[in-house]
Amino acid sequence: MLLNQFLLLAAALFCIGVYGVLVRKNGMLVLMSIELILNSVNINLVAFGALTDDVGGEVFALFTIAVAAAEVGVGLAIVLLMYRNRRSIDLSEADLMKG
Amino acid sequence: MTALLAAISSDTDLMVAQNIFFAIIAVSMIVAALKVVTTHNIVHAALWLVIVLAGVAAQFILLGAEFVAVTQVLVYIGAVVVLFLFGVMLTRASLGEDESVAREKRSMAAFVGVLLFSVMAIALIDTWSDDRIVIDEPQRVAEVSDSIFSQYIVPFEAISVLLLAALIGAIVVARKD
């Protein structure tokens, strides 16, 4: 297998995730798009680990998975708090701290 | 893309089965990812996300990283997606047809995405055009665990503290009072 096919797949997933972060207004959907981005990074890490026959890539992919789980927990708490305060999770309305 | 296909077909140690499986999984992942960012129903978006995450796990198996694949299934499909579905259900406003994707933002974001992908694709094809991944045997789990608990012990402890901090932080943020 070529390394490039995995890298290009990861790049496509990354760009779709970036599109989702930019275009969606719903807080939950933005979190899902961030998951897409983190998964594309994991594919890159594991592919490079397989290329160099080194276990470090897989270890860092595991670390990324742990960080993503923590991120979802905190992000969900923030979205719930926002919903409780404003009855909406539309991110374009989240301008409370605007200067 | 044609150069890539030509490179694959001119491969001497051709891994036909792996490449076919890669293509099938990759296409379904891309389609599902596009559905995640375009569908109007948020529950459907979470379910499409399951397909993408399962596809990522399948790619890990193709790359011989079985432990990461199992962790991906357990943590992402088992826990994170359930968390997403809970979040969707707890925020009533977003169930069903809700999303009004900003029309003027959509074309600009699509432009950014396509531009980003073309730049990355050119750079990747330019840099890694003839690197091949040869997998003779899957990475052993014992090797991964040895590596985590010797060489990468400090990042591992940092991750542990981070998870604890995120747990406490989420409770403090979401607590009612």
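Only heavy atoms go into these numbers, but all of them, side chains included; no hydrogens, no water, no symmetry mates.
- Counting heavy-atom pairs closer than 4.5 Å to chain A, the top-ranked of the candidates Leu162(B), Ile159(B), Leu115(B) is Ile159(B).
- Contact count against chain A (heavy-atom pairs under 4.5 Å) is highest for Val173(B) among Val112(B), Asp146(B), Val173(B).
- Using a 4.5 Å heavy-atom threshold, the side chains of Ile133(B) and Leu2(A) count as separate.
- Only the side chain of Leu49(B) comes within contact range of chain A, with at least one heavy atom under 4.5 Å from a heavy atom of that chain.
- Using a 4.5 Å cut-off between heavy atoms, Ala165(B) makes no contact with chain A at all.
- Residue Val75(B) is not grouped with residue Ile61(B) when hydrophobic side chains (ILVMFWY) are merged at heavy-atom distances under 4.5 angstrom, including chains of intermediate members.
- At a 4.5 Å heavy-atom cutoff, Gln151(B) makes no contact with chain A through either its backbone or its side chain.
- Per-residue heavy-atom pair counts under 4.5 Å with chain B were compared for Val21(A), Val55(A), Val18(A), and the maximum is reached by Val55(A).
- Residue Ala70(A) comes nearest to Ala166(B) through the heavy atom pair CB-CB, 3.5 Å, listed as atom of the first residue, atom of the second, then distance.
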Take Gln5(A) and Asn19(B), measure what side-chain contact (heavy atoms from CB on, under 4.5 Å) needs, and give me the verdict at the end. CA-CA 9 Å; Gln5(A) 59 195 65; Asn19(B) 278 319; 3.1 Å; yes
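- For chain A, the nearby part of Tyr76(B) is the side chain; its heavy atoms alone come within less than 4.5 Å.
- Nearest approach of Thr38(B) to Tyr19(A), heavy atoms of both residues: CG2-CE2, 4.5 Å.
- Remark: side-chain polar atoms of Arg106(B) are not paired, donor with acceptor, to backbone N or O of Arg24(A) under 3.5 angstrom.
- The ring pair (Phe, Tyr, Trp, His ring centres under 6.0 Å) pairs that include a residue from residues 117-136 of chain B are Phe48(A)-Trp128(B), where partners are two or more places apart or lie in different chains.
- Residues Ile43(A) and Phe60(B) are in side-chain contact: their nearest non-hydrogen atoms beyond the backbone lie under 4.5 Å apart.
- Within the 4.5 Å cutoff, the side chain of Val59(A) has heavy atoms near those of the Val144(B) side chain.
- Taken to the nearest 0.5 Å, the CG atom of Leu83(B) stands 5.0 Å off from the CG atom of Leu76(A).
- Put simply, Leu80(A) and Val172(B) are part of two different groups of oily side chains (I, L, V, M, F, W, Y) that touch within less than 4.5 Å, one to the next.
- Looking at Ile135(B) and Met1(A), their side chains come closer than 4.5 Å, going by heavy atoms from C-beta outward.
- Of the listed residues (Val114(B), Val52(B), Leu163(B), Leu63(B)), the greatest number of heavy-atom pairs within a distance under 4.5 Å of chain A belongs to Leu63(B).
- Closest heavy-atom contact between Asn4(A) and Ser129(B): ND2-CA, 3.5 Å.
- Interface residue Arg175(B): only backbone heavy atoms are found under 4.5 Å from chain A.
- Side-chain contact between Phe84(B) and Leu31(A) is present, with at least one heavy-atom pair separated by less than 4.5 Å.
- Heavy atoms of Leu53(B) lying under 4.5 Å from chain A belong exclusively to its side chain.
- Contact between Arg84(A) and Ala174(B) at its shortest, heavy atoms only, is NH2-O, 2.8 Å.
- In terms of non-hydrogen atom pairs under 4.5 Å with chain A, the most contact-rich of Ala158(B), Gly169(B), Ser145(B), Pro155(B) is Pro155(B).
- Between chain B and the options Leu22(A), Ile65(A), Asn42(A), Val74(A), the largest number of non-hydrogen pairs under 4.5 Å is found for Ile65(A).
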Step by step, work out the side-chain contact (heavy atoms from CB on, under 4.5 Å) result for Leu8(A) and Met120(B). CA-CA 8 Å; Leu8(A) 284 174; Met120(B) 284 202 284; over 6 Å; no
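- Interface remark: of the candidates Leu62(A), Ile78(A), Val67(A), Leu62(A) forms the most heavy-atom pairs closer than 4.5 Å to chain B.
- Cluster membership for Phe67(B) and Phe149(B), using ILVMFWY side-chain heavy atoms within less than 4.5 angstrom, is shared.
- Phe14(A) touches chain B through its side chain: at least one heavy atom from C-beta onward sits under 4.5 Å away, while N, CA, C and O do not.
- Ring planes of Phe156(B) and Phe63(A): tilted class, angle from 30 to 60°.
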Going through the checks in order, is the side-chain contact (heavy atoms from CB on, under 4.5 Å) test met by Leu3(A) and Arg132(B)? CA-CA 5 Å; Leu3(A) 172 66; Arg132(B) 295 184 200 295; over 6 Å; no
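- Both the backbone and the side chain of Val68(B) come within contact range of chain A, with heavy atoms under 4.5 Å apart.
- With respect to chain B, the highest number of heavy-atom pairs below 4.5 Å among Thr52(A), Asn39(A), Val79(A), Leu51(A) belongs to Asn39(A).
- Chain B forms more heavy-atom pairs under 4.5 Å with one residue of Leu9(A), Val30(A), Leu81(A) than with any other, namely Leu9(A).
- Residues of residues 23-30 of chain B placed with any heavy atom under 4.5 Å of a heavy atom in chain A are listed by number as Ala26(B), Met29(B), Ile30(B).
- Residue with the most contacts toward chain A among Val56(B), Leu124(B), Thr71(B), Leu116(B): Leu124(B) (heavy-atom pairs, distance under 4.5 Å).
- Cluster membership for Val141(B) and Phe60(A), using ILVMFWY side-chain heavy atoms within less than 4.5 angstrom, is shared.
- By number of non-hydrogen pairs under 4.5 angstrom with chain B, the leading residue of Ala61(A), Ala47(A), Gly49(A), Gly17(A) is Ala47(A).
- Residue contact with chain A, scored on non-hydrogen atoms closer than 4.5 Å, is absent for Ala79(B).
- Residue Phe22(B) touches chain A through its side chain alone, counting heavy-atom pairs closer than 4.5 Å.
- Cluster membership check: Val81(B) shares its hydrophobic cluster with Ile16(A), using side-chain heavy-atom separations under 4.5 Å among Ile, Leu, Val, Met, Phe, Trp and Tyr.
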